[in-house]
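The figures here come from the full heavy-atom set of this structure, side chains too, leaving out hydrogens, waters and symmetry mates.
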Amino acid sequence: MRSTLRTLLVLALTLSMALFVAACGGDDNGSGDSGDSGGEPASKIQEGGEATFNYPSFPDYLDPAMSYTAAGWQALYASYGQLTTYARKEGKEGAVLIPGLAEALPEISEDGKTYTFKLRDGLKYSDGSEVKANDFEHAIKRVITLESGGASFYTGTIKGAEDYLKAGKAKGDISGITADDETGEIKIELNAPNGQFPYILSMPFASLVPGDTPFEVLTKNPPPGVAPMKLSSVEGSRRFVLEKNENWPEIEGIPAARLDKITVNVVDENERAIRDVLANKADWMDDPGPGDALREFKETAPDRYTDQVTNSTYYFFLNHRVKPFDNAEVRKAVGMAIDKKALERLFGGQLEPGCNFLPPGMEGYEKIDPCPYGEGNDIEGAKAILEKEGVAGDEVTVWGNEEESTKAVTEYLADTLNKIGFKAKPRIVDGEVYFQTIGAQKTKAQIGFANWFQDFPHPGNFLFLVDPDTIQETNNQNFSNVDDPEIKKQLDELDTQELGEAAAGYAELDKKLVENADIIPYGHRRLPSFYSERIAADQVLFHPVMLADYTSFALKQ
């Protein structure tokens with residue numbers, strides 16, 4: 001497990017200050033109008049009703065302590081609550097933090113190391129049980145004990161969390177978290193000031209769950225939550241259901257769900273999933289899918305289609321611990337051979353090609369132009385490097401999952417590696433276990449597909465994926481196992497600076513990672529959404545962190 005979390009010594013970060021603006025904005029109707037006030041909505045909507053969503057694969061987990069994929073988080077943001085949350089707005093306004101289950105944003109001590117919250121009175125879980133202040137510590141204990149991919153956000157940050165981990169006693173104590181069930185006060189002490197901590201508290205990992213929730217993964221029977229919706233049933237790995245939570249109180253800035261019920265079905269074939277929505281057999285999905293189906297939908301029902309550029313990066317990992325990618329020259333050869341335009345075509349145009357690891361919408365992004373390895377597709381140049389390094393003919397397994405676009409990208413990478421002299425074959429696994437599989441050191445995954453959607457709007461949230469301290473035996477997020485002391489040193493230095501001051505340094509580090517071929521980014525996702533005729537598409541909120549806000553979906557009158 002990660003032993004420390006990088007800390008920010010200066011609290012007056014430009015972005016952190018923006019987060020703590022006392023603006024609880026957001027229309028209470030949660031509409032996707034970027035928060036503009038005035039004027040009647042384009043679509044008249046009805047309260048209640050049911051809708052069906054299509055997913056290309058089942059989420060990795062439906063337990064808030066464990067899930068670390070966009071598909072999982074979209075469902076969990078609707079069904080679990082945190083002490084702080086994001087304003088229900090689009091664009092930059094959606095990055096502003098507002099009180100969630102806490103009455104107000106935290107009081108922060110002068111030294112920046114103590115956060116004090118007070119729970120709202122009368123909160124109840126979706127099963128009707130009382131929410132208690134000590135439930136927060138229990139939630140964090142579950143994240144750490146279950147070796148969640150999000151554990152490192154808390155172990156090195158919260159005082160005593162590392163000691164709790166080392167003790168190995170699930171019911172032990174995290175000394176830095178104290179709570180009073182009578183008053184509802186929660187106090188969190190940090191090892192050092194950390195400007196990213198408010199974001200960390202707003203991730204699904206920090207969702208409150210009852211204090212008797214077992215220390216086991218509960219995807220099949222998710223624990224009760226405190227949110228506008230609840231996960232009411234999970235049927236194997238093919239379907240799950242969200243229902244309106246009747247115990248959700250009125251909280252300013254966090255509207256109740258409009259729909260009574262959302263049934264999410266897993267449809268492996270993206271083309272069929274898209275055509276189902278076009279034919280109104282399903283109500284929504286958001287995956288690129290094959291180009292033909294996407295083009296047909298856009299031409300046939302343009303008013304039922306939208307797309308958004310996300311703060312995301314799609315990239316190939318190359319495991320530095322496993323031959324032949326422990327050799328930097330070999331990694332660079334792969335970078336030379338990758339054709340980003342070909343990959344854009346595989347995503348049906350729903351990928352903005354690029355070679356930066358940081359996405360264009362992120363502070364610290366500076367476009368790397370030209371890319372370090374030119375336009376790519378230099379097969380002959382890559383061949384020559386493999387021959388020189390003595391690895392031509394090596395067997396390589398290329399990892400990916402069964403989602404259609406991912407499978408196509410994985411097969412493309414295997415084909416490209418064969419062209420430059422490897423003996424490569426794709427290894428396709430179920431999407432719901434893919435990241436756990438390549439994140440287990442025992443798998444020794446050599447190379448393959450990876451992507452990242454921001455957890456919170458800060459470059460550190462991307463660059464922690466190459467931080468040596470994030471490497472762990474299971475649920476590892478540093479798939480390339482980048483273990484460069486210079487990278488670690490630079491990250492530590494950047495995190496002592498205000499974000500505006502550090503932006504150039506983050507850009508420099510971004511470029512260094514790509515030049516060293518520690519990872520091979522190839523683009524940033526445009527995320528399409530397909531709607532049935534029944535859904536008021538213009539009222540759906542596309543959030544910069546939560547993506548599609550399920551509570552904002554509504555049926556037309």
Going by an N to O cut-off under 4.0 Å, is there a salt bridge joining K132 and D181?
-> no
Going by an N to O cut-off under 4.0 Å, is there a salt bridge joining K118 and E103?
-> yes
Please step through side chain to side chain donor-acceptor pair (under 3.5 Å) for the pair S57 and E403, ending with a clear verdict.
-> CA-CA 7 Å; S57 65; E403 291 185 16; 2.7 Å; yes
Side chain to side chain donor-acceptor pair (under 3.5 Å) between Y115 and S109, worked out = CA-CA 7 Å; Y115 285 63; S109 61; over 6 Å; no
Is the [X] to [Y] ring centre distance short of 6.0 Å?
X: Y550; Y: F53; answer: yes
X: F240; Y: Y55; answer: yes
X: F153; Y: F197; answer: no
X: Y68; Y: W452; answer: yes
X: F117; Y: F136; answer: no
X: W73; Y: F205; answer: yes

Heavy-atom check, side chain of [X] versus side chain of [Y], under 4.5 Å:
X: K261; Y: L242; value: no
X: E50; Y: T263; value: no
X: V131; Y: L119; value: yes
X: F435; Y: D60; value: no
X: Q539; Y: I45; value: yes
X: Q74; Y: L547; value: yes
X: I108; Y: T114; value: no
X: L527; Y: D307; value: no

Show the atom names and distances, to 0.1 Å, of all donor-acceptor pairs under 3.5 Å that link a side chain in residues 212-231 to residues at least two apart or in another chain.
residue : atom : partner : partner atom : Å
T213    : OG1  : P210    : O            : 2.7
T219    : OG1  : L62     : N            : 3.0

Under 3.5 Å, side chain of [X] to main-chain N/O of [Y], donor-acceptor pair present?
X: D430; Y: V433; answer: no
X: T116; Y: K187; answer: no
X: D135; Y: G211; answer: yes
X: Y154; Y: I200; answer: yes
X: R88; Y: Y86; answer: yes
X: D286; Y: F530; answer: no
X: D283; Y: A51; answer: no
X: Q82; Y: Y80; answer: yes
X: R120; Y: A102; answer: yes
X: H543; Y: D549; answer: no

Return yes when atom CD of E47 has more than 12 non-hydrogen atoms of other residues, nucleotides or ligands closer than 6.0 Å, and no otherwise.
-> yes
Under 3.5 Å, is there a donor-acceptor pair linking the side chains of N245 and S126?
-> no
How far apart are the closest heavy atoms of [X] and [Y], and which atoms are they?
X: V277; Y: S532; result: CG1-N, 3.6 Å
X: R526; Y: P528; result: O-CD, 3.2 Å
X: Q454; Y: P544; result: NE2-O, 2.7 Å
X: P99; Y: A104; result: CG-CA, 3.6 Å
X: A293; Y: E271; result: CB-CG, 3.9 Å
X: K113; Y: N191; result: CE-O, 3.6 Å

Can you list the steps and then say if D455 with N461 is a side chain to side chain donor-acceptor pair (under 3.5 Å)?
-> CA-CA 7 Å; D455 296 328; N461 182 238; 2.8 Å; yes
Aromatic plane relationship, F553 with W284 - under 30° parallel, 30 to 60° tilted, over 60° perpendicular | perpendicular
Mutual orientation of the aromatic rings belonging to F317 and F479 [parallel < 30°, tilted 30-60°, perpendicular > 60°] = tilted
Output the distance between atom CG (N311) and atom CZ (R525), rounded to the nearest 0.5 Å.
-> 14.0 Å
Just how far is it from atom CD of Q441 to atom CD of Q472, taken to the nearest 0.5 Å?
-> 9.0 Å
Partners of F453 by ring pair (Phe, Tyr, Trp, His ring centres under 6.0 Å), sequence neighbours excluded?
-> none
Apply side-chain contact (heavy atoms from CB on, under 4.5 Å) to the pair R238 and D268, showing each step before the final yes or no.
-> CA-CA 10 Å; R238 304 302 303 174; D268 295 335; 3.5 Å; yes
Between K124 and W248, does a side-chain contact (heavy atoms from CB on, under 4.5 Å) hold up when you go through it step by step?
-> CA-CA 7 Å; K124 292 183 179 181; W248 176 247; over 6 Å; no
Run the side chain to side chain donor-acceptor pair (under 3.5 Å) check on S202 and T84 step by step: do they pass?
-> CA-CA 5 Å; S202 304; T84 57; 2.7 Å; yes
